[in-house]
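Report on the structure given below.
Start at 1 with the first residue, then count along the sequence.
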Amino acid sequence: MNTSLSTLQAAHREFADALRRDLSLMVQPQPVTVQLQTWPALIDYLIEHNTRNRTIKPKHLGYLVDSIKSGQWYLTGQGFSVDTQGETIDCGHRTTAIKAAGYPPLWINLTLGVDSRAIAFIDSHEKRSDCDVFEIWLNHKLETEVQP
């Protein structure tokens, strides 16, 4: 195996192990991405900290649960994202589906430390309505104006 690749894989394992021991590491000041397998506490964290995303759509949730249960879950470039404060900003349907499917250990790309303003642009091609984007933008604006 390529030495650089094995070094990178070891770093991913080390970071995943550190997250398993301490979920406070979900709060990062700058972006860091790691590829890891999910576990129940991680999924629960992502769901609990998903306070600003859109409402879960039952039809899409059912599709994802069926995909997971039938072995049709694939690791893609689509990541799970958390902002610099530890709030989930992308992956609400997927995390809810993983929980509903019984928390199977699935490979994901997890990016921590994403600028919270990015939420307005995630899935903005068709999945987020103008109303969704406006509500997210407005909530972010209100949050930043309230802070000292």
Should we count CD of Q30 as having more than 12 external heavy atoms under 6.0 Å?
->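 Check fails, neighbour count at 12 or below.
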Count the heavy atoms of every other residue, nucleotide or ligand shown that sit under 6.0 Å from CD of E14, and state whether that count exceeds 12.
->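 Open: at most 12 neighbouring heavy atoms sit under 6.0 Å from CD of E14.
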Could you list the residues that satisfy salt bridge (charged side-chain N to carboxylate O under 4.0 Å, His left out) with R117, not counting sequence neighbours?
->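 By the salt bridge (charged side-chain N to carboxylate O under 4.0 Å, His left out) rule, R117 matches D115.
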Sole residue of D90, L46, N50 in side chain to side chain contact (heavy atoms under 4.5 Å, CB included) with V82 |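 Of the listed residues D90, L46, N50, the side chain to side chain contact (heavy atoms under 4.5 Å, CB included) partner of V82 is L46.
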Following the transitive rule for hydrophobic clusters with a side-chain heavy-atom cut-off under 4.5 Å over Ile, Leu, Val, Met, Phe, Trp and Tyr, establish whether [X] and [Y] coincide in one cluster.
X    : Y    : answer
I43  : I56  : no
Y45  : V114 : no
I108 : V32  : yes
V27  : I89  : no
W39  : L106 : yes

How long is the straight-line distance from [atom2] of [Y] back to [atom1] of [X], given to the nearest 0.5 Å?
X    : Y    : atom1 : atom2 : answer
Y103 : L42  : OH    : CG    : 10.5 Å
L75  : Q35  : CG    : CD    : 4.5 Å
T33  : L112 : OG1   : CG    : 7.5 Å
M26  : S24  : CE    : OG    : 10.5 Å
K57  : T55  : NZ    : OG1   : 7.0 Å
L61  : K99  : CG    : NZ    : 11.5 Å

Do [X] side-chain atoms and [Y] backbone N/O form a donor-acceptor pair below 3.5 Å?
X   : Y    : answer
W73 : L64  : no
T38 : P104 : yes
D83 : G113 : no
H12 : L36  : no
S70 : S67  : yes
R94 : G79  : yes

So, E87 versus T51: side-chain donor-acceptor pair below 3.5 Å or not?
->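 There is such a pair between these side chains.
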Does any non-hydrogen side-chain atom of I98 lie less than 4.5 Å from one of F80?
->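 Yes; the side chains approach each other to less than 4.5 Å.
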Closest approach of I68 to A101 (non-hydrogen atoms, all atoms of both residues) |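 The answer is CG2-CB, 3.6 Å.
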Could you give me the CA-CA distance, side-chain angles and deciding distance for T84 and Q28, then say whether side chain to side chain contact (heavy atoms under 4.5 Å, CB included) is met?
-> CA-CA 5 Å; T84 57; Q28 293 293 322; over 6 Å; no
Does F15 have any ring pair (Phe, Tyr, Trp, His ring centres under 6.0 Å) partners at least two apart in sequence or in another chain, and if so, which?
->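 If we apply the ring pair (Phe, Tyr, Trp, His ring centres under 6.0 Å) test to F15, skipping adjacent residues, there are no hits.
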